[in-house]
Amino acid sequence: MADIKRTHNCGALRIGNDGATVTLKGWVDSRRDHGGLIFVDLRDREGIIQVVLNPEIGQIAHQHARDIRSEYVIEVTGKVSVRPDGTVNDNLPTGKIEVYVDELLVLNRSKTVPFPLDGSEDISEAMRLKYRYLDLRRSEMQKKIAGRAKLVSIIRSFLDSNGFLDIETPMLTKSTPEGARDYLVPSRVAPGKFYALPQSPQLFKQLLMISGFDRYYQIAKCFRDEDLRADRQPEFTQVDMEMSFMSSDEIIEIMEELFVLVFKEVKGVDIPRPFPRIKWHDAMLRYGKDAPDTRFGLLISDVCDLANQAEFNVFKGVLKNGGVVRGLAAPGITGYSRKDMDNLTEEAKIHGAKGLAWVKIMEDGAYNSPITKFFPDGVLDKIKERLGAKDGDTMLFLADSEDVVCAGLAHIRLHLAGKQGLIDDSKFDFVWVTDPPAFEYKPEDKRYVAIHHPFTTITKETREHLETDPTKTLTDAYDIVLNGTEVGGGSIRIHERELQDKVFRALGIDEDEAREKFGFLLEALEYGAPPHGGIAIGLDRLAMILTGSESIRDVIAFPKTQKAFDLMVDAPSDVSPIQLRDLYLKPTIKPKKD
RNA sequence: GGGGUUGUAGUUCAGCUGGUUAGAACGCCUGCCUGUCACGCAGGAGGUCGCGAGUUCGAAUCUCGUCAACCCCGCCA
């Protein structure tokens, strides 16, 4: 077989190449056979170019071209020529030229592909995942995967030039309490014992700081065995970073620099600095969640005091039981029918709310609601003022536990913003969410759990509560939120042994357990651990937003389904009894009969 | 673990209130065609209606179960 070198990429040719003899290699995007002339659109990573097979120019090539089909891999050699008048295709960047083929070689044939690769139809995701290598051949996916690669490249060069060292940490490591469920790997040489795949390189990067590497980063795979969502995969990638002798302000600053650079280079967008910051408690109050979408208003307000003045048992009862009443002013829905309001109520119920109270303010300022009768004169006016509502708005209220109210109103807020077209898709709104509480009480487990992770330092001002009321403690932590999606988070870590002990104690981890699970860290803290902190960026989520994708699956070459199956390789799968025996494992669940 | 949407030709879908032989577009196959680029023209093949029960004289259609994909709650940073 003649082994001629490729001279150009298909999509790279332009009118300046006129007259050149080129050799191209790529896939047959389409073939238009006119009996005499045959036109082939030849495609590679860079794009598409039309090649022309004319029996008068290359008779044998023309013969071969009659047998080629879509997705055949071919090599053509021929001359680049300006297209004749009236045959220019403005839809193609290469549309002013074409290649007259002298020689054509079929490098490989292709079966008819199971779905069109031209983006003309929305193919089911199951089909795309089964034939992922074909799905990835589509230009849309090529762009997304290439966009991700560019993002990684920008991040790497930024961090490299800022003194960060790329250091790898183990994949086979130790299961730790707290956090997500671990993926476990059985040990062959230690019967009955298991490694865990890392949920993140958290402890290792802290140890690297203790080793004195000062600045570390890693594009790190992380594993969490929890149920999936559009923005959650069982294995995902973090840009993991850690820095010594840096305050949270300094870390935030360098991260802003990185994000600004990324958006400039990838999107050509200038993001103004400094990014806004909001305290965690304020985010929860005003947006109902710790990852606020700040591209639009519809802010939430607390109206407990005013709601308590109404003779409305739903509100009174909730407030008596320690719950809250909060609301927001929604524009443009006074025309909603009873049924529309019921549908809106259903949205609130998704997050556990029992009902949704509403008061329409008509254009003339009159209140229209089933519950106006419970409010003494003037109270609704005060509520209207508190919510910043205008005539024509509808005030929506939830009354329940704080968790339910926050989650419900956050959902309503997003739902309405989407429906009313309040979200500007071209916007990129960053916000730092800072100072979250360290602990959350889990009534079902009757214990405190760490909101971030148990190595996050407690702010000096709130340390006094650590042993009395841990929920009152705040952490020196910061999440970076982009358009309502958390794309990263970090904190200043604990570098003092005594504080770490206290935090473990607050979490109900006794000394023995702490020594068993984290002994290496506790000991390391006693050998000159420097003050340090860091952050991890969710690379998949960032790539998702930068490429305008609906799901992180679109920016992961080989993702898993919602059940964590790989439809292409068919994993997870059975293993042989011998493999199990080597690992001293015995399945406890019998496979289902087919 | 739970709620919702979907599942019909290779693909994307239509198929009403159960009724004779389940359709369309694209794709595929054969032939014709020297300026197409969503090529065109003529002809053709292609179906276990996700799977399993049930109701019925009769099920793509109704009921129950089950499997899968997606969205969400719980879970998860």
Side-chain angles (χ1 to χ4, degrees), chain A residues 29-42 48-57 62 66 69-71 83-92 94-95 98 100 111-131 134 178-182 199-200 202 222-234 236 238 290-291 346-347 349-353 403-404 407-408 411 415 433 436 442 444 449-453 456 477 479-481 485-491 535-538 541 550-551 553 560-563 565 567 592 594:
Chain A
D29 200 66
S30 69
R31 163 178 157 277
R32 294 176 294 280
D33 187 346
H34 287 237
L37 285 180
I38 298 173
F39 298 96
V40 172
D41 286 346
L42 191 61
I48 287 175
I49 188 159
Q50 171 165 285
V51 303
V52 186
L53 291 121
N54 186 329
E56 291 156 23
I57 293 173
H62 180 265
R66 295 176 63 165
R69 295 290 182 270
S70 289
E71 300 309 315
R83 289 196 188 190
D85 284 347
T87 63
V88 166
N89 183 350
D90 291 326
N91 297 321
L92 286 179
T94 60
E98 57 196 358
Y100 292 103
K111 296 208 304 190
T112 302
V113 290
F115 52 83
L117 304 186
D118 59 7
S120 60
E121 281 170 0
D122 286 333
I123 309 301
S124 76
E125 200 147 353
M127 185 62 62
R128 291 174 53 201
L129 290 176
K130 183 174 178 194
Y131 297 97
L134 295 179
E178 301 288 316
R181 201 173 289 119
D182 286 318
Q199 295 182 25
S200 83
Q202 181 61 34
C222 306
F223 305 85
R224 291 176 190 162
D225 185 6
E226 296 292 348
D227 288 334
L228 308 183
R229 291 285 187 281
D231 60 356
R232 272 160 38 187
Q233 281 276 299
F236 60 99
Q238 286 186 344
D290 58 2
E346 289 305 312
E347 295 292 331
K349 284 183 177 173
I350 291 172
H351 288 265
D403 287 352
V404 168
H411 179 81
H415 175 80
V433 179
K442 283 255 163 159
E444 59 269 33
V449 297
I451 285 183
H452 196 64
H453 55 59
T456 309
D479 278 358
I480 182 64
V481 174
T485 298
E486 184 207 316
V487 293
S491 64
I535 189 165
I537 299 172
R541 287 182 184 179
E550 297 287 323
S551 150
R553 291 186 300 275
K560 303 209 170 20
T561 69
Q562 196 162 49
K563 286 238 168 101
F565 292 160
L567 297 181
K592 279 183 200 160
D594 292 304

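Throughout, protein chains are lettered first and strands after them, A, B, ... in sequence-line order, and every chain is numbered starting at 1. Excluded from the calculations below are hydrogen atoms, water molecules and symmetry mates; all remaining heavy atoms, backbone and side chain alike, are included.
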Identify the pairs formed between an N or O of the protein and an N or O of nucleotides 1-10 of chain B at a distance under 3.5 Å, and give each distance.
residue : atom : partner   : partner atom : Å
G10(B)  : O2'  : Pro114(A) : O            : 2.7

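With sequence neighbours excluded, no residue forms a side chain to side chain contact (heavy atoms under 4.5 Å, CB included) with Ser70(A). For Asp182(A), the salt bridge (Lys or Arg N to Asp or Glu O under 4.0 Å) test picks out no residue, with sequence neighbours left out. Remark: Gln562(A) pairs with Leu228(A) by the side chain to side chain contact (heavy atoms under 4.5 Å, CB included) rule, at least two apart or across chains. Residues satisfying the side chain to side chain contact (heavy atoms under 4.5 Å, CB included) criterion with Asp403(A), sequence neighbours excluded, are Ser401(A). Judged as a side chain to side chain contact (heavy atoms under 4.5 Å, CB included), and not counting sequence neighbours, the contacts of His452(A) are Thr456(A), Asp479(A), Ser491(A), Arg493(A). Scanning for side-chain hydrogen bond (donor to acceptor under 3.5 Å, both in side chains) contacts around Gln238(A) gives an empty result, with sequence neighbours left out.
Separating the NZ atom of Lys560(A) from the P atom of A68(B) is a distance of 17 Å, rounded to the nearest angstrom. Rounded to a whole Å, the NE2 atom of His415(A) is 14 Å from the P atom of C73(B). Rounded to whole Å, atom C1' of C71(B) lies 13 Å from atom CG of Leu228(A). If you measure from atom NE2 of His453(A) to atom C1' of A77(B), you get 9 Å, rounded to the nearest angstrom.
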Per-nucleotide protein contact string for nucleotides 31-36 of chain B, where B marks a base within reach and S marks sugar-phosphate only (heavy atoms under 4.0 Å, - for neither): --BBBB

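Minimum atom distance to the side chain of Ile123(A) is reached by U11(B), of the listed A69(B), C72(B), U11(B). Across U11(B), C73(B), C75(B), the shortest atom-to-atom separation from the side chain of Ile350(A) is found for C73(B).
Searching all strands for a Watson-Crick or G-U wobble partner of A24(B) with both distances below 3.5 Å returns U12(B). Nucleotide U5(B): paired with A69(B) (Watson-Crick or G-U wobble, both distances less than 3.5 Å).
Positionally, the nearest nucleotide of RNA chain B for Lys563(A) lies more toward the 5' end than for the other of His411(A) and Lys563(A). Both Ser120(A) and Arg31(A) sit near RNA chain B, but only Ser120(A) has its closest nucleotide nearer the 5' end.
Residue pairs meeting the salt bridge (charged side-chain N to carboxylate O under 4.0 Å, His left out) criterion with at least one partner in residues 113-125 of chain A, sequence neighbours excluded, are Glu125(A)-Arg553(A).
Within the 4.0 Å cut-off from OP1 or OP2 of A69(B), at least one side-chain nitrogen or oxygen of Thr561(A) is found.
Contacts of Arg553(A) with the nucleic acid, taken as non-hydrogen atoms under 4.0 Å apart, involve only primed sugar atoms and P, OP1 or OP2. Across all strands shown, Gly538(A) has no heavy atoms under 4.0 Å from either base or sugar-phosphate atoms.
For a distance-only test at 3.5 Å, the side chain of Arg224(A) fails to qualify as a donor-acceptor partner of the base of C76(B). Judged by distance alone, with hydrogens and angles left aside, Asp290(A) brings a side-chain donor or acceptor within reach of the base of A77(B), the pair sitting under 3.5 Å.
Under the 3.5 Å distance criterion, the side-chain polar atoms of Arg541(A) are left unmatched by any main-chain donor or acceptor of Val487(A). A donor-acceptor distance shorter than 3.5 angstrom exists from the side chain of Arg31(A) to the backbone of Arg66(A), with no hydrogens or angles considered.
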